[in-house]
Amino acid sequence: MKAAPWCALVGAGPGDPELLTLKALRTMRRASLLLVDDLVSDAVLALALRGRRKPPRVVHVGKRGGCLSTPQAFIERLMVSAAIAGERVVRLKGGDPGVFGRGGEEAAALRQHGITVEIVNGITSGLAAANALGVPWTHREHAQGVILVTAHTREGGHGPDWAVLGAAAAQGLTLVVYMGMARLEALQRGLAAALPPQTPAAVVQHAGLAQERLCLSTLGCLAADARAQGLGSPAIVLIGNVLKAREAMSAAPSAQAVPALRTA
Ligand code: SAH
């Protein structure tokens, strides 16, 4: 009997294969068809394929703002038709599938066709960026919460109301901005309506990967500093007083680093 159609949306995390969940690893190694985002690192993909007697078919379905990308409708059609044809379809997505990754739309399209959808969490890049900066999202001396926001809204939509977000940050919420690099100037201008220019701000490009880059700045200089240092996408912009915790934390003696597992 043919198995009931099934598809998994799996969070591949920020790129370092050691940051994959065990469930993500197990699920992606069950795939007969892997649909891979371009934010998924080669190292993670290699783990999905390593030692498979019958390797899955791999289709890269990258989607990059401003660049040539695979239309969303095409990706959804492919997932649906392959799952109905009996493939074990695994959609491997950067970070967590539920954070600005259109995972919700994909799950809805699959369920509409009676396909069982399994969603496996991944570590979102905003969390990896905070870790790269050496601060938690919510150090209790500086922040009572966190806002995850995208600077990029649907075609034709307005961007977020930065002044409102700035007011929230002024109340002690850390702002973690995804897809912000093309709109840094607007973000800076809008937030400045509610936050002083010396508010700490930072950009982390390629968080959690070997080529990770940091730019530490203030709100008043953020766009100029990030552009001068040549930072680009994919990057997380983090704004808030929680960055002040960085100095106090870096003054503490650091623990001996744990040697990396052999994942290659
Ligand atoms: N689902 C993903 C986000 C997809 S939206 C997640 O949970 O991380 C794409 C945006 O995510 C990029 O424009 C960038 O802002 C951010 N991003 C993804 N991977 C990143 C990385 N390794 N370092 C920094 N930002 C990253």
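In this chain, residues are counted from 1 in sequence order. For clarity, every value in this text was computed on a predicted model and none was experimentally measured. Atoms within a ligand are numbered from 1 in the order they appear, just like the ligands themselves.
- Between Arg91 and Glu76, none of the side-chain N atoms (NZ, or NE/NH1/NH2) sits under 4.0 Å from a carboxylate O, so this pair counts as no salt bridge.
- In this model, no donor atom of one side chain and acceptor atom of the other lie less than 3.5 Å apart for Thr218 and Gln198.
- For the pair Glu141 and Lys244, the salt-bridge criterion is not met [side-chain N within less than 4.0 Å of a carboxylate O].
- A heavy-atom cutoff of 4.0 Å around ligand 1 is satisfied by the protein residues Pro14, Leu39, Gly94, Gly95, Asp96, Val99, Phe100, Thr124, Ser125, Tyr178, Met179, Val204, His206, Ala207, Pro234, Ala235, Ile236.
- Using modelled atom types, one finds no donor on one side chain facing an acceptor on the other under 3.5 Å when comparing Thr124 with Asp96.
- Gln211 and Gln205 share no donor-acceptor pair across their side chains, judged by distance under 3.5 Å alone.
- A cation-pi arrangement is absent between Arg183 and Trp162 under the rule of less than 6.0 angstrom and at most 45 degrees off the ring axis.
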